Protein chains: 2
Amino acid sequence: MDDFFNNWVVQVRKGVLEHRVLRSLAERERYAYELVREMAAAPGLGLSEGTLYPLMSRLRLNGLVASRLEESTSGPARKYYTLTPEGRQTLAAMDHFLGELNRPEGPKREGGSR
Amino acid sequence: MDDFFNNWVVQVRKGVLEHRVLRSLAERERYAYELVREMAAAPGLGLSEGTLYPLMSRLRLNGLVASRLEESTSGPARKYYTLTPEGRQTLAAMDHFLGELNRPEGPKREGGSR
DNA sequence: ACAGCTACCTTGCGTCACAAGGTACCAACT
DNA sequence: AGTTGGTACCTTGTGACGCAAGGTAGCTGT
């Protein structure tokens, strides 16, 4: 039926997810499995592990997060992720960009340069 | 430098663009070239023709827009696009979805089933 | 005739969500 | 001891799509 709409939703997630993850990590450190359940419970998202684990790898490769292993008394060890300074910087840039996007028609000129 | 951020912006566009285009067409009919310049001038977007033409094709294939050729006295003929009823419906669904996404922590339960 | 604008469309590339599948560790029941 | 079920990690293959670059064609001015 609405192939188109469903596909659109997937595309929207691509942008939103990374932002949401960084946002979440800005609050406190978390491990991936925790994030999966958190996001899956959120309104429009509903991601699975296959989405998040590669995402976390990308974040780490790009230096936005750092990870730390912690053993658990009940279950496998957890890999906790924290934001690096670059991660915080990128998050701020994202926030700014999204702010611009949501402003309906007001482009807002940059510091009146030139 | 910020490969990651730039890439992210590209991903965000994927979701935003289709919504913006439908929004724009909901106002009045437009032709593709017009949309390109309109979007390119908007804050965070900056798309090119190579992005928009395939997008318009997809919209037409999915029955969200209809097109109509109109000759121009100055230049090539223009293909004007209008929203179909399905297009309007999809736009409404998108608006709803985005509304849900932006609600910070309020999932809004579905009819309290179960 | 030629440059430049409008206006349409296509090809090749790279990125990414997602489903599905895989490994391993631990607790509880049979 | 074996099986189930939960936690927690990660990989592979597929399909979708933005984008740069390139292509076609009509009109205008020099």
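Chain identifiers are assigned alphabetically (A, B, ...) following the order of the sequence lines, protein sequences preceding nucleic acid strands; residue numbering begins at 1 within each chain. Remember, predicted model here, so these are calculated numbers, not experimental data.
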Residue whose nearest DNA chain D nucleotide is more 5′ - A:Gln11 or A:Tyr81 |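 The residue whose closest nucleotide sits nearer the 5' end is A:Tyr81.
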Starting from the 5' end of DNA chain D, give me the residue, B:Val10 or A:Lys14, whose nearest nucleotide shows up first.
-> A:Lys14
Can you tell me the distance, in whole Å, between the [atom1] atom of [X] and the [atom2] atom of [N]?
X       : N      : atom1 : atom2 : value
B:Glu70 : C:dA7  : CD    : C1'   : 14 Å
A:Asn6  : C:dA17 : CG    : C1'   : 13 Å
A:Arg20 : C:dA17 : CZ    : P     : 14 Å
A:Trp8  : C:dC16 : CH2   : C1'   : 17 Å
A:Lys79 : C:dT23 : NZ    : P     : 18 Å

Taking heavy atoms of chain B and a 4.0 Å limit, find me the 5'-most and 3'-most nucleotide of DNA chain D within that range.
->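 Under 4.0 Å from chain B, the extent on DNA chain D is D:dC17 to D:dT28.
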Contacts of type side chain to side chain donor-acceptor pair (under 3.5 Å), residue [X], not counting sequence neighbours:
X       : value
B:Arg28 : B:Glu34
B:Tyr33 : none
B:Glu70 : B:Arg68

Between the main-chain N or O of B:Met94 and the side-chain N or O of A:Trp8, is there a donor-acceptor pair closer than 3.5 Å?
-> no
Just to verify, what does [X] make a side-chain contact (heavy atoms from CB on, under 4.5 Å) with, not counting sequence neighbours?
X       : value
A:Ser24 : A:Arg30, A:Leu35, A:Glu38, A:Met39
A:Val36 : A:Glu49, A:Leu52
B:Asn7  : B:Gln11

Determine: side-chain N/O of B:Tyr31 to OP1/OP2 of C:dA7, distance under 4.0 Å, yes or no.
-> yes
N/O (side chain, B:Tyr33) to phosphate O (OP1/OP2, C:dT6) under 4.0 Å | yes
Nucleotides 25-29 of chain C: which of its N/O atoms have a protein N/O under 3.5 Å away?
none

Quick one: salt bridge (Lys or Arg N to Asp or Glu O under 4.0 Å) pairs with a partner in residues 77-90 of chain B, sequence neighbours left out?
-> none
Note: contacts of residues 47-66 of chain B with DNA chain D (heavy atom, under 4.0 Å) are B:Leu47, B:Ser48, B:Gly50, B:Thr51, B:Arg58
Picking from C:dC18, C:dG14, C:dC8, the nucleotide nearest the side-chain atoms of A:Arg13 would be C:dC18
Of all pairs that satisfy ring-ring contact (aromatic ring centres under 6.0 Å, His included), the ones with a partner from residues 63-92 of chain B, not counting sequence neighbours |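 Found B:Tyr31-B:Tyr80.
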Given DNA chain C, 5'-ward residue of the pair B:Asn7 and A:Val9, judged by closest heavy atom | B:Asn7
Is there a side-chain contact between A:Leu17 and A:Thr51 (heavy atoms, below 4.5 Å)?
-> yes
Residue pairs, two or more places apart or on separate chains, that pass side-chain hydrogen bond (donor to acceptor under 3.5 Å, both in side chains) and touch residues 52-64 of chain A | A:Glu18-A:Arg58
